[in-house]
Number of protein chains: 2
Amino acid sequence: MAIAKGSARQRILQSAHALFYRRGIGAVSLDAIAEQAGVTKRTIYYHFESKDDLVASYVASRDQPNIDFYESCFERAPGSLPDKIEAMFTEIGRQSRGPRWQGCGFLRAAAELIDTPGHPALKAGARHKKRLEVWLASKLSDTFTPADAESLARQVSILLDGAFSVLLIHRDAAYAEAAGKAAAILIKERALLRNEAV
Amino acid sequence: MAIAKGSARQRILQSAHALFYRRGIGAVSLDAIAEQAGVTKRTIYYHFESKDDLVASYVASRDQPNIDFYESCFERAPGSLPDKIEAMFTEIGRQSRGPRWQGCGFLRAAAELIDTPGHPALKAGARHKKRLEVWLASKLSDTFTPADAESLARQVSILLDGAFSVLLIHRDAAYAEAAGKAAAILIKERALLRNEAV
DNA sequence: GAATGTATCTTCACTGGTCGGTATACTATG
DNA sequence: CATAGTATACCGACCAGTGAAGATACATTC
C-alpha cells in the first residue's frame, strides 16, 4: 500500500529477496514478507501460486544481477587475465566483511531445499551456476582453446563456490585470497603448458 | 519400547543425524526424531536442553567420524602425495552418486543456521573445518615446509568445500574429478617451485 | 462526459495443522 | 525408598493456505 501502486509484485519479490537471503527460506514466513512489502498475505497468493513458487521466483530473479556483478568485477579489474579472475575473489572477500553478507544465496537455497527433488528453485539455482560457468569459459576463451577454457572455467567455479562456503563458516577474507591465488596459478600453469601468453 | 539398541541418548543422536542430514535441520521436528528413535519427545528434553542443543550435539558428533573418513581415503589410496589427495575427491564424487548423499552436513548446517550468530552448532562446524585443514596440513608437511603445507592445505580445503557445493547442485561426479585434478596440480606446481620431489 | 460493466488487485478474517516446549505422573532398578 | 529415565497429555505460538467481499482501473455505451 501507499508507496507505489501496481508494483506490489515487485515489492513482494524484493522483500522476499531481503528476508530469504538474510534469514534463510524456511525461517521466513509469508506473513513476514507481506509485512515488509506493505501488503497482506492474501496479495502474495494472488501473485504467486504458493510459497514454493515465490521461492523459485526469488531465486530466478537473482540470476542476471549476479552475473552482472561478476561481469563488472572482471571488467573493472586492471591487469592480465589471471589478475582479473583473482580480482573477483578479492571482491567476494571484501564483501564477506560486511555485516549483511550471508554467503551465496544460490548455494544456501540449494542446501536448504535439497530434499525436495525437482523443486523449481533448485532448477533455477542449477541453471544460474551453469550460466556462470559458461560466462567464465567465455572470458577464458580469448586466451585458451574451447576445451581448456571450459576445463579452467569449471575449476574456477569450484573455487568460487568453495570460497563462498568457507567464508560463510570462517568469515575470514584470507580464504578468498587463497582461493583467488589458486585460480590464478591454475590459469598461469595451463598457459605455460600451452605456450600461451597471459 | 523399540529395540533398545544402545542408550536412548545414543539412539536420539543417531536419529537426529539421519534426519537432519537427510532433510535439513529446520525441516525436521523433534516429534519425527522421537518417533524414529523409539522414544517420546519428553525423553529428548531429558537428555538435551533444547532443539538447538540437540543440533549442536549432532554436529559435534560428526566431527571425528568425518576426519576418520578422510584419513581412511588418504591412507588407502596408492601412489604419491597428489595422487592420495586426488583420491579423496574421487571418493567424494563416488559417494555423490548414491541416492542418500546430500552433500556436506557441516556446510548445510552452517547455511541454514547462519542467521543465528553464536549458535553452538556453527561453532562446532567451524571447529571441524579447522581441524580438517590442520589434518590436511599434517599430511602435506611430510613434503613441504610448514608454511607451504598450511597454504596448500587451505587451498585443498577450499576445493573440497567447492566440490561439495557444486556436487550438491549438479550431482555430476565430473566436478569432483575436476576439483581433485586442480588440487593435484596445485601441489605438484608448488613442489616444482621448491624443487621438492612428489 | 457521465454512467455502467468487468476484470484486476487487495484486504479482512479465518482454518486446520504443526511445532517447540512443559506439567505431571509413572516405572524400573539398586 | 530414592533416583534416573520415560510416558501421557497438553499449551500457546505460528504457519501455509483460503473464502468472500471491498477497492481500483479501464473499457463500453449512451
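Just so it is clear: chains get the letters A, B, ... in the order the sequence lines come, proteins before strands, and each one is counted from 1. From a predicted model like this one, the values you see are computed outputs, not experimental measurements.
Atom P of nucleotide D:dA7 and atom OH of B:Tyr45 are separated by 16 Å, given to the nearest angstrom. If you take CD1 of B:Ile33 and P of C:dT18, they are 17 Å apart, rounded to a whole angstrom. The distance from atom CG of B:Leu19 to atom C1' of C:dC19 is 15 Å, rounded to the nearest whole Å. With rounding to whole Å, B:Asp53 atom CG is found 10 Å from C:dG21 atom P. In this structure, A:Glu35 places its CD atom 12 Å from P of D:dC14, rounding to the nearest Å. Atom pair A:Phe48:CZ and D:dA16:P shows a separation of 15 Å (rounding to whole Å applied). Distance, A:Ile44 CD1 to D:dC15 P: 12 Å, rounded to whole Å. When rounded to the nearest whole Å, the span between CD1 of B:Ile12 and P of D:dG5 equals 11 Å.
In the model, B:Thr145 has no side-chain atom that pairs as donor or acceptor with a side-chain atom of B:Arg194 under 3.5 Å. B:Asp83 and B:Ser80 share a donor-acceptor pair across their side chains, judged by distance under 3.5 Å alone.
Taking 4.0 angstrom as the limit, A:His47 places a side-chain polar atom (N or O) nearer than this to OP1 or OP2 of C:dT10. Of the side-chain N and O atoms in B:Thr40, none sit less than 4.0 angstrom from OP1 or OP2 of D:dT6. Phosphate contact (OP1/OP2 of D:dG17, side-chain N/O of A:Ser50, threshold under 4.0 Å): absent. Between A:Tyr46 and C:dT10 there is no side-chain N or O to OP1 or OP2 distance below 4.0 Å.
Across the interface with DNA chain D, nearest-nucleotide mapping of A:Ala27 and A:Glu49 shows A:Ala27 to be the residue nearer the 5′ end.
The pair B:Asp63-B:Arg127 fails the salt-bridge criterion, with no side-chain N (NZ, NE, NH1 or NH2) lying under 4.0 Å from an Asp/Glu carboxylate O.
The base of D:dG5 has none of its N or O atoms less than 3.5 Å from a complementary donor or acceptor on the side chain of B:Arg42. The base of C:dG20 is paired with the side chain of B:Lys41 by a donor and an acceptor separated by under 3.5 Å.
Contacts of A:Ser29 with the nucleic acid, taken as non-hydrogen atoms under 4.0 Å apart, involve only primed sugar atoms and P, OP1 or OP2.
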Note to self: Quick one, B:Arg190 with B:Glu196, criterion salt bridge (charged side-chain N to carboxylate O under 4.0 Å, His left out). Give me CA distance, side-chain angles, the key distance, then yes/no.
What the structure shows: CA-CA 8 Å; B:Arg190 186 79 63 112; B:Glu196 295 281 357; over 6 Å; no
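Ring orientation note: the planes of B:His170 and B:Tyr175 are close to parallel, at an angle under 30° on the 30°/60° scale.
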